[in-house]
2 protein chains.
Amino acid sequence: MNLRIVARQLSVVAWLIGLTMLFSISAAWPEIGGQSEFEDHGFWALLASMVVCGITGLMLRMASGESNSTLYRKEAMAVVGLSWVLATVLGGLPFYFAEVIYTSVDGREIPMGIADCLFESQSGFSTTGATVLTDIENHKWVPRSILFWRSSTHFLGGLGIIVLFVAILGQGSAGKALMRAEMPGPSKEGSQERMQHAAWNFAAIYCVLNLILTIILYLEGMTWFQAICHAFGTMATGGFSTLNASLGGFNSKTIEYTVIVFMILAGTNFTLIYLLTLGKFKKLVTDPEWRTYVGILAVATALVIIVGIFESHDFDPQDKLTAVPEFELAFRDGLFQVVSIMTTTGYCTADFDLWNNFSRGLLVVLMFIGGCAGSTGGGMKVIRIILFTKILGREVEHSYHPSVVRHIRLAGEPVTDQNIPHNILVYVGLIGAIIVTSWLALTWIELDQTWIEAGHPTHNKLIDSGTAVCATLHNIGPGLGIVGATRNYAPFSDSAKLLFTLLMMLGRLELFAVLVLVMPSFWRD
Amino acid sequence: MNLRIVARQLSVVAWLIGLTMLFSISAAWPEIGGQSEFEDHGFWALLASMVVCGITGLMLRMASGESNSTLYRKEAMAVVGLSWVLATVLGGLPFYFAEVIYTSVDGREIPMGIADCLFESQSGFSTTGATVLTDIENHKWVPRSILFWRSSTHFLGGLGIIVLFVAILGQGSAGKALMRAEMPGPSKEGSQERMQHAAWNFAAIYCVLNLILTIILYLEGMTWFQAICHAFGTMATGGFSTLNASLGGFNSKTIEYTVIVFMILAGTNFTLIYLLTLGKFKKLVTDPEWRTYVGILAVATALVIIVGIFESHDFDPQDKLTAVPEFELAFRDGLFQVVSIMTTTGYCTADFDLWNNFSRGLLVVLMFIGGCAGSTGGGMKVIRIILFTKILGREVEHSYHPSVVRHIRLAGEPVTDQNIPHNILVYVGLIGAIIVTSWLALTWIELDQTWIEAGHPTHNKLIDSGTAVCATLHNIGPGLGIVGATRNYAPFSDSAKLLFTLLMMLGRLELFAVLVLVMPSFWRD
């Protein structure tokens, strides 16, 4: 392991984070200028964090010396994994320096501790959107500039720290190695020119969509500050809002339908969006992954609406509405939550914890699916679910036709690379093992007492913990019960928050770049 | 697919089931003779069922004609899968004919319907031990001869219908093909002589252990009827009792510790027990699977005791005991439940639903592990968990050392067969897919209303359903909440009961022999 070259790359990451903080300060300026004294400490906190980023970058650059050797696969994985660790730490500084108040107990205001800051920072970068902040509309607790920084971490995380890196700096073969380790999806082959081209395309589409959405949301009645933050939250499939009631707080049909459309776009493979801008509409609608993605969204929405109206009274519990408005509401809330959860955004316009249990369970299953490969969506990705299902079917067939070798087909094309089925099985296995282990660990480190104090029945602990693990590992944000749509992660202990931080990073980097960091043989030569 | 040869084999299964019913009638004779009229209908029901078995066997034999062709893999899988379907149907007849009352609603006594009978029968054969019967001590509802038949299905199922078949009939290469499809565990190679030898050994050890345990339990105070039924329930890792309070109803330390020892034996690879009888004690204690099996039991028990005493008051909620009796009780109840759940027996001596949530969660995780390969235990088997963990570790290493090919090692020996890691990944993937799908299906077909009527909070539906799916698929019996230690499966709807029946069969036959039955290409030539 060539640590010098790793340090050299990390220095750039530190500077990049610092640069985004500068952007954050200036963008938040109109909110700060001429405002009361409690807005100021956000400004100073961001400035101080920026200085720390700059110094960290300098120190890493000095430690690396003059190193120009090649970046091999191992070093590339170390750079990606450690970049995210570094980003999490640096990104948490503004919260810490600004002494952001995240909750109050018996009237005492509690400032964010180290675990809280790391959690909030990782939640931003990993585009999870889970929060420990209990009142973000109280700007004495949470200065607006800090809120803006929080949403900016979504912007950076959705793009991918390394994608940005490669798009700007190129880096030749190093860039390719880095991209492979960070970009989501099972298949990431291609020449280094194609890699940089892909990074550029991805970044360009991402920025343009962010811009368009910001303008639309502004025109639909948000302030610029709100519009930018919610565009960041939507396009990164993040979920940080500027209101306590999340996107539901605006109470606007227009805004909700707009965000639905852009969440669906954010969960779509950006290559397809690129082709769409070239007028190749047919490429989109014939893509097997996208068709399945839209199909699952449609079926899940239909189920939530049907069960919610006919078996339960999810959308009209007091029976106040006639059929048409009830259906309209069911369609709006159902579609919004299904899209929000499956694309792993996590915005809420309805408290789905009050829905029937089938719908709640369905949302949990959607968490596992996530967006398309090459999108900003988290989860396991639709393409993996498709291939996984086909692999299992083939294996059952294989048990009585052992001699028949048949490739899996995707839209008629055989998948000849034998590594793909294997890698998908390993990926699913790892996800399962991580979920079971983390779930059990969480039920151990977090006492039953937490549920009692939060006013939730302790019997819900097992399911709540399970969904909390899924919601962080798959980068959604809200889960069920204690971490439900109207709740947050504040009640958890520091050790639980650190576990969630780890899970969010594992999910965003698709496991390997994080897992290798804890393997002793990874660090040996 | 040669259906004639399949029918020929199935005819033997039908007769075999009929024969066991005869055994059941005669064994239950002292209980029946000279007793009141309500015991009689059990006798007549068993007799009628026996006649049906005989006729079914005859019809199948007539349909098969003179068929002496070879049994290929496909036919063998069909025989195994269909044998279990046939056994489930025939085994359910006595419950149906005896019009067993399984529950009462508003004072009305409800006889078992078709779904109830299939559920109870499959629960017996698959050695799950889940029941829909709410009062088995009321012999007007459940005649003792029927209770005896219920426990006999455990005996047959633990041995394996096909193992019995092969041990008795041999059948040459056909026997080998059949055994491969029924016997649990990832590796089942060997010559046909070794297969029949293995079947004989397995059957002999199984019967002798059943006999020994029966005698011990009789000496410890049970009646012969109780002793035989509980020996069947223990050695098959089944869990059917003759008391409503399960084994806890005897309230005897001696009986509980005896059963603990025999449950551990029942979850041990029978080959090791065979070697033990030859004095090869070292073979047992150096076996990597057995060491892990015992290790997990020990660690889990320690955790349940420690967390249950120091963090919670699971064993002494009213704080009535001093330290020593509290520890003694914690050790007894903790060890019993850990062993009972992990070996997939499912006997209860304590209501673990009142324990803290970590311990409850731990028991759920133990359900997945199960017993050793070549035992009567269900679950995924310890050896698969060991190999699965090693495969995942190797794959993480592989991500940064892609060129290094390293075999997984088990007790120092490399596992060179590349099919084993692949098959284990597929198996884990299938288990995951089945659990998620069944869980979602169950939350759909079983309305939230069921929880309200059973006096359970509806918010527990998701976790209760999840554990019900695991407890049936892994052949344990009790789960959490509505299917907890002191509860049963009576409140579920018929469609849910049929889903559970399918899951129990899937688990017992390790998926493939059942899954192939629903593949259209399996039935084509």
Side-chain angles (χ1 to χ4, degrees), chain A residues 73-74 77-78 303 307 311-312 353 356-358 360-362 364-365 368 388-389 391-393 395-402 422-426 428-433 436 439-440 443-444 447-448 451 457-463 465-467 480-481 511-513 515-516 519 521-522, chain B residues 73-74 77-78 303 307 311-312 353 356-358 360-362 364-365 368 388-389 391-393 395-402 422-426 428-433 436 439-440 443-444 447-448 451 457-463 465-467 480-481 511-513 515-516 519 521-522:
Chain A
R73 182 192 276 249
K74 240 174 120 169
M77 292 187 89
L303 287 173
V307 177
E311 282 189 13
S312 183
D353 244 332
N356 69 85
N357 281 301
F358 165 70
R360 293 169 79 221
L362 182 63
V364 175
V365 173
F368 281 77
F388 179 61
T389 318
I391 293 163
L392 294 185
E395 289 297 329
V396 172
E397 205 178 328
H398 210 73
S399 72
Y400 55 87
H401 279 155
H422 178 74
N423 291 344
I424 286 179
L425 288 172
V426 169
V428 175
L430 277 170
I431 288 282
V436 171
W439 177 64
L440 199 58
T443 57
W444 195 8
L447 295 181
D448 291 13
W451 270 256
T458 53
H459 260 104
N460 293 1
K461 181 177 170 183
L462 291 181
I463 189 74
S465 302
T467 61
L480 299 179
L511 316 180
F512 288 97
L515 289 175
V516 295
M519 302 283 283
S521 74
F522 181 68
Chain B
R73 183 193 276 248
K74 240 174 119 170
M77 293 187 90
L303 287 173
V307 177
E311 281 189 14
S312 184
D353 244 332
N356 68 85
N357 280 302
F358 166 70
R360 293 168 79 223
L362 181 63
V364 175
V365 173
F368 281 77
F388 179 59
T389 318
I391 292 164
L392 294 185
E395 288 296 330
V396 173
E397 206 179 327
H398 211 72
S399 71
Y400 55 87
H401 280 155
H422 178 75
N423 291 345
I424 286 179
L425 287 173
V426 170
V428 175
L430 277 171
I431 288 281
V436 171
W439 176 64
L440 199 58
T443 57
W444 195 9
L447 295 182
D448 292 14
W451 271 255
T458 52
H459 259 104
N460 293 0
K461 180 177 171 183
L462 291 181
I463 190 74
S465 303
T467 60
L480 299 180
L511 317 180
F512 288 96
L515 289 175
V516 295
M519 301 283 283
S521 75
F522 181 69

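Just so it is clear, the model here is predicted, and its values are computed rather than measured. A note on names: the letters A, B, ... follow the listed sequences, proteins ahead of strands, and every chain is numbered from 1.
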Quiz item: With side chains defined as the heavy atoms from C-beta onward, is the minimum distance between B/Met519 and A/Tyr400 less than 4.5 Å?
Solution: yes

Quiz item: Between OG of A/Ser399 and NZ of B/Lys74, what distance do you get to the nearest 0.5 Å?
Solution: 10.5 Å

Quiz item: For B/Pro457, is it the side chain, the backbone, both or neither that has a heavy atom under 4.5 Å from a heavy atom of chain A?
Solution: neither

Quiz item: Should the pair A/Trp444 and B/Phe358 be assigned to parallel (<30°), tilted (30 to 60°) or perpendicular (>60°) ring geometry?
Solution: parallel

Quiz item: Taking all atoms of both residues into account, what is the closest heavy-atom pair of A/Phe512 and B/Glu395, and its distance?
Solution: CE2-O, 3.9 Å

Exercise. Evaluate side-chain contact (heavy atoms from CB on, under 4.5 Å) for B/Arg360 paired with A/Lys461, printing each intermediate quantity in order.
Key: CA-CA 10 Å; B/Arg360 293 168 79 223; A/Lys461 181 177 170 183; over 6 Å; no

Quiz prompt | Nearest non-hydrogen partners of B/Leu447 and A/Glu311, listed with the distance | solution = CD2-OE1, 3.1 Å

Quiz item: Excluding sequence neighbours, so at least two apart, what forms salt bridge (Lys or Arg N to Asp or Glu O under 4.0 Å) with B/Glu397?
Solution: B/Arg406

Quiz item: When rounded to the nearest 0.5 angstrom, what is the spacing between CG in B/Leu425 and CD1 in A/Ile424?
Solution: 12.5 Å

Practice problem: Work out which heavy atom in B/Gly429 is nearest to a heavy atom in A/Leu392; give both atom names and the distance. | Solution: O-CD1, 4.0 Å

Self-check item: A/Thr458: partners by side chain to side chain contact (heavy atoms under 4.5 Å, CB included), with sequence neighbours left out
Solution: A/Asp448, A/Trp451, A/Ile452, B/Asn357

Quiz item: In terms of heavy-atom proximity below 4.5 Å to chain B, should A/Leu511 be classed as side chain, backbone, both, or neither?
Solution: neither

Quiz prompt | chain A contact via B/Leu303 - side chain, backbone, both or neither, heavy atoms under 4.5 Å | solution = side chain

